[in-house]
Structures are given as C-alpha cells and as structure tokens.
Amino acid sequence: MNIVYRAAELLITSSGCDFKTMGTNLSLLMLAGQVSQDEYTKLCKLMDEQQTQAEA
C-alpha cells in the first residue's frame with residue numbers, strides 16, 4: 001500500500017479534518033502522481049462518508 005495513501009487515509013479519519021482543504025490536497029496528490037486514480041477514488045469516498053458522519 002502506498003504510504004501517501006495511508007497518510008491521507010489517517011488524516012481523513014482523524015477528528016477535526018478540514019474536508020474542503022483535504023479535497024484540494026487529494027486532487028493535488030493525484031495530479032502529482034502520488035496516488036493512483038483508484039486510490040484517489042477510494043479516498044474521496046472515505047472522505048464523503050466521514051463528512052456525512054461528522055454532520056450527523
């Protein structure tokens with residue numbers, strides 16, 4: 001597993017994650033080739049789930 005992917009996953013699941021900033025960071029990571037398209041998709045899905053839980 002990609003260490004950058006794992007770090008992003010930990011940040012997304014941590015309390016106090018700024019989802020707007022993290023969304024921008026994920027896009028930049030993908031554009032820079034640090035995460036694959038598949039990893040990017042998984043992280044975005046995880047972020048959506050976490051954001052939904054935080055809003056509930």
Side-chain angles (χ1 to χ4, degrees):
M1 178 179 291
N2 182 343
I3 193 151
V4 174
Y5 173 86
R6 184 68 181 125
E9 186 178 49
L10 288 171
L11 286 170
I12 291 168
T13 57
S14 68
S15 62
C17 178
D18 180 348
F19 296 110
K20 183 177 180 181
T21 301
M22 193 63 195
T24 301
N25 290 341
L26 289 178
S27 296
L28 292 172
L29 288 171
M30 190 190 68
L31 289 172
Q34 297 295 309
V35 295
S36 67
Q37 178 68 45
D38 185 50
E39 291 171 329
Y40 173 79
T41 302
K42 289 177 185 176
L43 289 169
C44 286
K45 182 179 177 193
L46 176 63
M47 190 169 62
D48 287 343
E49 292 168 357
Q50 292 295 314
Q51 191 170 13
T52 301
Q53 285 180 357
E55 292 172 354

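Because only heavy atoms are used, hydrogens play no part in the values below, and waters and symmetry mates are left out as well, while side chains stay in. Note that the structure is predicted; figures quoted are calculated from it, not measured.
If you chain together hydrophobic residues whose side chains sit under 4.5 Å apart, I3 and L43 fall into the same group. Clustering ILVMFWY residues whenever any of their side-chain heavy atoms sit less than 4.5 angstrom apart, transitively, puts V35 in a cluster other than the one holding L28. By the rule that hydrophobic residues join a cluster once side-chain heavy atoms approach within less than 4.5 Å of another member, V4 and I12 end up as members of one cluster.
A search for side chain to side chain contact (heavy atoms under 4.5 Å, CB included) contacts involving Q53 returns Q50, not counting sequence neighbours. In this structure D18 satisfies the salt bridge (charged side-chain N to carboxylate O under 4.0 Å, His left out) test with no other residue, sequence neighbours excluded.
E39 CD to L46 CG: the interatomic distance, rounded to the nearest 0.5 Å, is 13.0 Å. Atom CG of N2 and atom CD of Q34 lie 7.5 Å apart (nearest 0.5 Å). Taken from CG in D48 to NZ in K45, the straight-line distance is 10.0 Å, to the nearest 0.5 Å. Atom OH in Y5 sits 10.5 Å away from atom CG in L10 (nearest 0.5 Å).
Side-chain contact between Y40 and L26: present, with at least one pair of heavy atoms (C-beta onward) separated by less than 4.5 Å.
In this structure, G23 and M47 approach most closely via the heavy-atom pair CA-CE, 3.6 Å.
Note on E9 versus R6: salt bridge recorded, some NZ/NE/NH1/NH2 to OD/OE distance being below 4.0 Å.
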